[in-house]
Participant: 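I'd like to ask some things about the structure below.
Sequential numbering from 1 along the given sequence is applied to the chain's residues. Note that this is a predicted model, so its numbers are computed, not measured. Counting starts at 1 for both ligands and their atoms, in listed order.
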Amino acid sequence: MHQRPGRGGARLTTAHGAPIADDQNSLRAGARGPVLMEDFALREKLFHFDHERIPERVVHARGFGAHGYLEVTEAIPELTSAAIFQTAGTKVEAFVRFSTVAGNKGSADLARDVRGFAVKLYTPEGNWDIVGNNIPVFFIQDAIKFPDLIHAAKEAPDRGFPQAQTAHDNFWDFISLMPEAMHMVMWIMSDRAIPRSFRFMEGFGVHSFRVVNAEGRSHYVKFHWKPKLGLQSVVWDEAVRIMGADPDFHRRDLWQAIRTGAFPERELGVQVFDDDFADCFDFDILDATRIIPEELVPVRRIGRLVLDRCVDNAFAETEQVAFCTQNIVPGIDFTNDPLLQGRNFSYLDTQVKRLGGPNFTHIPVNAPRCPFHHFQQDGHMAMRAPKGRANYEPNGWAEGGPRAAADGFRSHPERVEGEKRRTIRPERFADHYSQARQFYVSQTKVEQTHIVAALVFELSKVETPAIRTRMLAHLPNIDAGLAEKVADGLGMDLPPAAVPARAPIDLPPSDALSILKNGPGRFEGRKLGLLVSDGAPAGMVAAVNEAGGLVEVVAARIGGVTLSDGSRLAADQKIDGAPSALYDAVALVLSDEGADSLCAMHPARIFCAEAVAHQKFVALAGGAGQLLKAAGLGADLPGVVTLDAPQGAGDFIARCGALRAWARGG
Ligand code: HDE
């Protein structure tokens with residue numbers, strides 16, 4: 001890739017290569033005269049600048065990408081002929097882009113939203129894109145509703161707001177009229193929609209796909225990405241705080257992790273099932289608003305996806321990467337999921353709009369890494385110059401170019417028949433509430449409380465009472481307790497339940513649906529905020545620093561502090577720019593005088609108060625108790641630990657593995 005030379009290492013030129021003698025002044029007729037039209041250097045510089053932007057993605061505009069690889073850990077030739085799955089140990093390059101859905105390119109990372117999880121695998125038989133999300137279901141069953149969904153979720157056209165959030169009338173108006181969205185509503189009102197990090201969330205291919213083996217035998221498959229560091233989300237009040245304190249929280253987190261060698265890793269999992277299962281399952285496996293519980297079809301781990309390299313250039317790579325659901329390889333195939341079928345049409349279209357023409361596969365991030373040969377030619381920005389006269393086939397020329405081969409991609413010869421009609425959604429697409437209920441009852445009490453609070457928050461932002469009422473009417477079909485709590489939180493009467501198209505059934509709870517039941521149990525990869533003051537006990541500071549986890553030092557001034565032994569400790573953050581919401585746990589190691597002066601600072605008191613309110617583990621050492629008191633809190637709360645000796649630091653970090661002291665309450 002093009003490398004910028006070091007300063008003084010090369011002459012500055014125009015894009016056409018002409019050397020430039022003066023890049024500070026435009027060409028003028030006289031010191032106070034007009035700028036001349038012939039100033040090609042000025043003209044070219046401004047011209048290029050004016051064209052720096054391309055249309056942002058219509059959805060998933062805000063994203064962050066990284067390079068890595070997929071290593072196959074278990075070969076599955078009995079299931080698929082895909083080249084990468086033939087031998088364990090096979091490694092292919094990967095590019096991953098995480099994103100939010102509704103927000104524009106400059107919106108905040110912590111918006112309550114689904115996260116996109118798009119993976120491009122550069123396999124020896126072509127690029128395979130698994131364009132998924134961090135939530136395994138979707139709002140709608142049919143692609144024809146997608147523009148409506150997105151219009152309703154994004155800013156209202158008459159006012160241009162709200163942006164990057166669903167807490168508004170249009171969204172809930174639409175959703176409350178779409179019972180099929182109720183399962184997804186449970187997921188987005190859960191903490192899945194406010195992940196702590198791109199590193200601690202699952203990914204899902206969402207649709208049922210097919211795998212096809214060398215004999216042509218097909219199975220259905222759902223793809224999963226399971227994070228090695230476990231699942232973790234923030235609480236909503238923290239998300240609100242982080243959006244102000246660090247709108248780039250997620251991208252900074254991933255960037256820092258990769259740059260420091262803590263490469264995020266996920267397992268590739270597959271749920272494999274056949275027609276017999278599909279026929280007996282309570283729901284239609286072609287319906288993307290439903291999951292297949294992991295208890296029914298376990299997730300088999302067959303690979304590891306490691307992200308080990310940040311992009312060199314965010315525009316060239318992350319902005320220009322073009323994921324297409326229709327990019328599959330031999331051994332993988334589609335199903336008739338109507339949402340997937342619509343996507344297969346849409347993604348190609350969107351790339352032409354965004355990247356300006358049909359040659360976006362010439363852009364390095366999109367180009368296959370395997371050999372490729374075809375007769376496609378010309379068009380905007382063609383980067384290749386194929387030689388010879390054969391640009392069609394069949395042809396009779398000796399150097400006639402490539403030909404189709406028998407072992408190329410073949411679609412699974414699925415039998416298809418039926419009347420050509422629109423109004424024929426299969427009957428098993430009609431049960432909209434059972435899995436929403438299953439999701440809710442599978443959550444811990446804490447998580448259920450968060451779902452209630454999220455619904456109350458969002459619906460409280462809805463200004464039209466009739467929309468709130470319409471939404472409330474769905475909730476008794478999901479769970480009576482949930483419905484009552486939300487109505488109570490809104491201060492509204494619970495309306496009669498909406499009449500379901502198909503009566504919901506009780507399904508067994510699934511632990512896989514809960515975040516807290518799938519936490520890591522360890523602090524690895526998490527961040528501790530260490531608040532220090534001048535005179536803070538040096539031994540304790542060192543012990544906390546060394547106990548594990550990533551430590552960021554917070555102090556009253558960015559220049560840092562002088563510790564009790566006279567040594568200087570530089571700060572990573574100044575207290576008013578680093579609320580405790582940025583950390584997974586906090587330690588306050590202060591001298592008495594240091595605590596005194598911090599007590600007078602609002603950001604320091606808030607640092608403590610919020611750490612406690614967000615149920616974080618808090619360690620106190622030296623004079624830290626005073627600061628907690630000044631924040632109106634006692635040191636005897638569950639999860640607040642006083643460190644009497646440096647040896648206690650290790651135990652504290654081990655306790656932090658639980659991530660939150662939920663017992664304390666909000
Ligand atoms: Fe997308 N989606 N989508 N989507 N989607 C796009 O393609 C679309 C859907 C997803 O990081 C667009 O390149 C339709 C489900 C991700 O570059 C566009 C439908 C899922 C990304 C598009 C869906 C996704 C996109 C916009 C309904 C989860 C970001 C820019 C049929 C399984 C990829 C682009 C990236 C992006 C269309 C529904 C995931 C417009 C029509 C379901 C992760 O083509």
Participant: side-chain hydrogen bond (donor to acceptor under 3.5 Å, both in side chains) with Glu447: which of Ser514, Ser442, Ser190?
Facilitator: Ser514
Participant: Is the shortest heavy-atom distance from the side chain of Pro264 to the side chain of Leu254 under 4.5 Å?
Facilitator: yes
Participant: Report yes or no: do His207 and Asp337 form a side-chain donor-acceptor pair below 3.5 Å?
Facilitator: yes
Participant: Among protein heavy atoms, which sits nearest to atom 33 (C) of ligand 1, and what does the distance come to when rounded to 0.1 Å?
Facilitator: Phe323 CD1, 3.9 Å
Participant: Can you check whether Arg97 has an N/O within less than 3.5 Å of an N/O in ligand 1?
Facilitator: yes
Participant: Checking Asp129 side chain against Val131 main chain: does a donor-acceptor pair fall under 3.5 Å?
Facilitator: no
Participant: Cationic tip of Lys222 within the cone over Phe209's six-membered ring, i.e. under 6.0 Å and within 45° of the normal?
Facilitator: no
Participant: Report the nearest protein non-hydrogen atom to atom 28 (C) of ligand 1: residue, atom name, distance rounded to 0.1 Å.
Facilitator: Asn133 ND2, 3.1 Å
Participant: What's the shortest distance from atom 32 (C) of ligand 1 to any protein heavy atom, and which residue and atom give it?
Facilitator: Arg343 NH1, 3.1 Å
Participant: So if I count the atoms of ligand 1 from 1 in the order they appear, which ones are less than 4.0 Å from some heavy atom of Thr350?
Facilitator: 7 (O), 13 (O), 30 (C), 34 (C), 40 (C), 44 (O)
Participant: Short list, please: which atoms of ligand 1 are under 4.0 Å from a heavy atom of Leu339?
Facilitator: 27 (C), 31 (C), 42 (C)
Participant: Quick one: nearest non-hydrogen protein atom to atom 40 (C) of ligand 1, plus distance?
Facilitator: Val58 CG1, 3.5 Å
Participant: Please confirm whether Gly63 comes under 4.0 Å of ligand 1, counting heavy atoms of the residue only.
Facilitator: no
Participant: For atom 8 (C) of ligand 1, find the nearest protein heavy atom and state the residue, atom name and distance (0.1 Å precision).
Facilitator: Phe146 CE2, 3.3 Å
Participant: How far is atom 43 (C) of ligand 1 from its nearest protein heavy atom, and which residue and atom name does that atom have?
Facilitator: Gly132 O, 3.1 Å
Participant: Nearest to atom 25 (C) of ligand 1, what protein heavy atom do you find, and at what distance?
Facilitator: His60 CD2, 3.2 Å
Participant: Between Glu295 and Ala512, what is the shortest heavy-atom contact and its length?
Facilitator: OE2-N, 3.7 Å
Participant: Parallel, tilted or perpendicular, judged at 30° and 60°: which one describes the rings of Phe457 and Trp236?
Facilitator: perpendicular
Participant: Please confirm whether Phe117 approaches ligand 1 to less than 4.0 Å, judged on its heavy atoms.
Facilitator: yes
Participant: Check whether any N, O or S atom of Ser346 sits under 2.8 Å from atom 1 (Fe) of ligand 1.
Facilitator: no
Participant: Could you tell me which non-hydrogen atom of Ser218 sits nearest to which non-hydrogen atom of Arg210, and how far apart they are?
Facilitator: OG-NH1, 2.6 Å
Participant: Got a donor-acceptor contact below 3.5 angstrom from the Asp253 side chain to the Ser197 backbone?
Facilitator: no
Participant: Quick test: of every protein heavy atom, which one is nearest to atom 6 (C) of ligand 1, and how far off is it to 0.1 Å?
Facilitator: Tyr347 CE2, 3.4 Å
Participant: Does the N or O separation between Ser99 and ligand 1 drop below 3.5 Å for any pair?
Facilitator: no
Participant: For Tyr433 and Pro500, which heavy atoms make the closest approach, and how far apart are they?
Facilitator: CE1-CB, 3.6 Å
Participant: Is the closest heavy-atom distance from Gln351 to ligand 1 below 4.0 Å?
Facilitator: yes
Participant: Quick one: does ligand 1 sit under 4.0 Å from the side chain of Val131, the backbone, both or neither, non-hydrogen atoms only?
Facilitator: both
Participant: Hey, does the side chain of Asp191 reach the backbone of Ile194 with a donor-acceptor pair shorter than 3.5 angstrom?
Facilitator: no
Participant: Identify which of Ala118, Ala143, Ala288, Gly205 has a heavy atom lying nearest to atom 31 (C) of ligand 1.
Facilitator: Ala143
